[in-house]
Amino acid sequence: MRLITLATMFIAFFKLTIVYANESHDIYIPASQNSFSNVARHTITSRFLYGSQVVDVSLPVNYHETGYQIKYPLVVVLDGELLFHSVSGFVQFQAMNSQMPEAIVVGIQNLPETRRDMTPRPLNKKGEPLWFGGKEDLYLSFIRNELMPFLDEQYRIADFKVLIGLSPSASLTLHSFWKQPSLFSGYIVINQADFSAVAYGGETIFDKVINSVKQQEKGNRFLYISMPKGGAARNPKILQDYKRLEKELSPFIANKLSFKWELIDKQSYAAVLPAVMSGFELIFPAHLWDVNYHDFVSQEVGMTLNNIRAHFSELSDEYSFMALPKGERYYNRNRLKRIVYILIQQKRYSEAESILNYWLSIYPYSSNVHDTFADLYHVQGNTNLELKHRINALDLAKKHNDYRATLFEEALENLRSTLSKAPQQ
């Protein structure tokens with residue numbers, strides 16, 4: 001009798017060991033020789049810009065695992081040659097840590113001699129046009145009529161879009177804010193001062209922004225503007241203009257606009273990355289995205305899944321794109337997978353299965369969700385369903401060149417070995 005009891009305890013321990021060993025699997029990493037395997041480069045022939053425009057596209061880590069109905073917010077970086085890799089890397093890092101949603105990042109490459117073309121042609125203190133700029137509307141036409149249709153055809157793009165501009169391209173970003181107000185939802189404007197321009201009818205670009213917000217009928221836009229402290233110290237009018245902008249926009253903050261300006265204590269372009277971080281924090285406040293998944297767990301049957309759905313449904317409504325829960329994360333158990341194992345530990349198997357089905361509905365091509373399904377059925381002793389999901393996990397991992405394929409293959413071979421040794425009935 002004692003031997004039977006010990007054997008039973010060993011089997012139970014063995015099952016739990018397998019489950020919690022598999023729980024340590026982190027996020028998908030491609031087993032690729034290319035460290036930027038999620039980045040693609042395209043060349044678009046533009047009739048507005050009279051030539052070819054090179055654009056780089058960075059896809060979210062889990063892009064290939066989600067279903068066709070899942071669309072991602074878009075971040076367009078006007079200075080792709082300067083900022084694309086920094087912004088795309090930052091977005092990926094923040095999304096992995098649930099500080100913001102996963103997003104598709106696009107960088108538009110510029111030649112040094114053409115970078116200033118995109119700014120509205122500014123006027124000097126005498127009201128005379130300066131020598132550069134003036135092609136701002138051509139650039140907007142390229143973005144609206146050529147770049148966006150191309151991206152919509154190639155990728156799953158949501159309606160929520162963010163535009164990032166630096167110095168000359170920051171002027172285009174603000175120009176887009178008032179000239180094409182429906183094109184983007186968020187604007188990160190870096191190293192930008194107020195100025196007058198040709199065809200602005202005596203108004204400044206800040207005047208145009210203020211009037212655009214006043215005329216806005218519905219919807220919430222996000223506007224972030226920054227300048228290094230050194231620039232404001234050299235030109236005190238910059239700080240005065242920022243304060244005027246804030247005063248004029250303040251009646252509309254809450255129902256029409258989320259707005260922030262700041263002076264960054266860095267020199268010149270060293271202020272760029274802190275500005276990008278602050279801009280994204282304005283648009284995607286971390287407290288909305290980085291939730292404690294353990295708080296979703298309820299002892300009331302069925303409420304755990306309801307709590308998860310309710311939270312992400314509310315986020316989706318607020319941003320007008322589908323906010324995705326985290327099925328898996330780097331070095332962090334704050335995810336759907338952890339909830340599944342909590343429910344397994346409590347022997348709430350049907351609820352664990354419902355969470356997995358929800359995860360699978362969003363990430364139908366995730367090898368990890370199938371591996372977790374297999375763990376659930378392993379604990380329940382359902383070898384047929386365990387085998388099915390072990391096979392699915394391995395097949396998807398191989399298809400996506402996932403480094404975890406060796407782990408899933410080992411689990412599958414162990415199961416097959418156990419089944420081959422089982423007595424035939």
Side-chain angles (χ1 to χ4, degrees), residues 27-66 68 70-96 100-118 135 138-170 172-173 176 183-184 186 188 190 269 272-273 276 280 365 399-403:
I27 204 164
Y28 161 78
I29 301 176
S32 170
Q33 296 301 311
N34 181 3
S35 60
F36 295 101
S37 58
N38 66 324
V39 175
R41 172 162 286 187
H42 303 280
T43 300
I44 301 175
T45 301
S46 173
R47 62 188 176 90
F48 296 102
L49 299 181
Y50 312 108
S52 297
Q53 290 294 309
V54 175
V55 296
D56 293 322
V57 180
S58 173
L59 295 178
V61 170
N62 295 117
Y63 182 85
H64 69 280
E65 296 185 338
T66 51
Y68 69 92
I70 304 299
K71 295 185 177 182
Y72 291 85
L74 177 69
V75 177
V76 176
V77 182
L78 289 173
D79 289 284
E81 72 281 6
L82 292 173
L83 295 179
F84 171 73
H85 290 297
S86 296
V87 173
S88 59
F90 176 77
V91 168
Q92 179 173 303
F93 179 79
Q94 291 293 86
M96 285 177 179
M100 64 175 288
E102 288 193 310
I104 296 172
V105 180
V106 172
I108 303 174
Q109 300 284 326
N110 304 290
L111 296 174
E113 64 270 18
T114 63
R115 183 171 173 244
R116 282 190 168 188
D117 290 348
M118 68 181 75
K135 295 183 180 180
L138 292 175
Y139 272 85
L140 279 187
S141 294
F142 163 71
I143 292 171
R144 186 182 193 100
N145 301 314
E146 295 174 336
L147 176 63
M148 293 304 183
F150 173 82
L151 295 175
D152 284 335
E153 182 179 347
Q154 296 288 326
Y155 302 102
R156 292 179 272 128
I157 306 290
D159 288 336
F160 193 96
K161 301 175 178 68
V162 177
L163 184 63
I164 300 178
L166 165 64
S167 199
S169 64
L172 177 62
T173 304
S176 172
L183 191 54
F184 292 93
I188 299 178
I190 306 170
Y269 278 15
V272 172
L273 293 185
V276 170
F280 277 120
Y365 309 111
K399 179 181 178 181
H400 297 145
N401 198 26
D402 189 339
Y403 86 101

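Sequential numbering from 1 along the given sequence is applied to the chain's residues.
Residue L140 holds its CG atom at 10.0 Å from CG of N145, rounded to the nearest 0.5 Å. The distance from atom NZ of K71 to atom CG of D159, rounded to the nearest 0.5 Å, is 7.0 Å. With rounding to the nearest 0.5 Å, the separation of CE in M148 from CG in L74 is 5.0 Å. Taken to the nearest 0.5 Å, the CG atom of D79 stands 7.0 Å off from the OH atom of Y269. Here S169 contributes atom OG and I164 contributes atom CD1; the two are 9.5 Å apart, rounded to the nearest 0.5 Å. D152 contributes atom CG, which lies 9.0 Å from atom CG of L147 (distance to the nearest 0.5 angstrom).
The two residues L138 and F48 make their nearest non-hydrogen contact at O-CB, 3.7 Å. For the residue pair T173 and L78, the shortest heavy atom distance occurs at OG1-CD1, 3.5 Å. Nearest heavy atom pair, residue L183 against residue K161, reads O-CD, 3.7 Å. Between V77 and F84, the shortest heavy-atom contact is CG1-N, 4.3 Å. Taking every heavy atom of both residues into account, M96 and V61 meet most closely at CE-CG2, 3.2 Å. Closest non-hydrogen pair, P73 versus P101, comes out as CG-CG, 4.3 Å.
Taking the side chain as every heavy atom from C-beta outward, Y365 and T66 never approach each other to under 4.5 Å. The closest side-chain heavy-atom distance from V55 to Q109 is not below 4.5 Å. Looking at heavy atoms from C-beta onward, V57 lies in side-chain contact with L151 at the 4.5 angstrom threshold. Side-chain contact check for S52 versus I44: every heavy-atom pair is 4.5 Å or farther apart. Here the side chains of F280 and I188 are in contact, with some heavy-atom distance below 4.5 Å. Looking only at side-chain heavy atoms (C-beta outward), S88 and V39 stay at 4.5 Å or farther from each other. Under the 4.5 Å side-chain criterion, counting only non-hydrogen atoms from C-beta, I143 is in contact with I108.
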Run the numbers on L273 and S86 for side-chain contact (heavy atoms from CB on, under 4.5 Å), then give the verdict.
CA-CA 8 Å; L273 293 185; S86 296; 3.7 Å; yes

As a quick check of understanding, evaluate side-chain contact (heavy atoms from CB on, under 4.5 Å) for N38 and Q92, giving each step before the final call.
CA-CA 11 Å; N38 66 324; Q92 179 173 303; 3.3 Å; yes

Does Y155 form a side-chain contact (heavy atoms from CB on, under 4.5 Å) with L59? I'd like the steps, not just the answer.
CA-CA 9 Å; Y155 302 102; L59 295 178; 3.6 Å; yes

Run L82 and R115 through side-chain contact (heavy atoms from CB on, under 4.5 Å) and show every step you take.
CA-CA 11 Å; L82 292 173; R115 183 171 173 244; 3.9 Å; yes

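At most 12 non-hydrogen atoms from other residues, nucleotides or ligands lie less than 6.0 angstrom from CD of E153.
Geometrically, R156 does not engage Y68 in a cation-pi contact defined by less than 6.0 Å to the ring centre and at most 45° from the axis.
The aromatic rings of Y72 and Y63 sit tilted, their planes meeting at an angle between 30° and 60°.
Side-chain contact, E146 with S46: a donor N or O sits under 3.5 Å from an acceptor N or O.
F150 has its ring centre less than 6.0 Å from the ring centre of H42.
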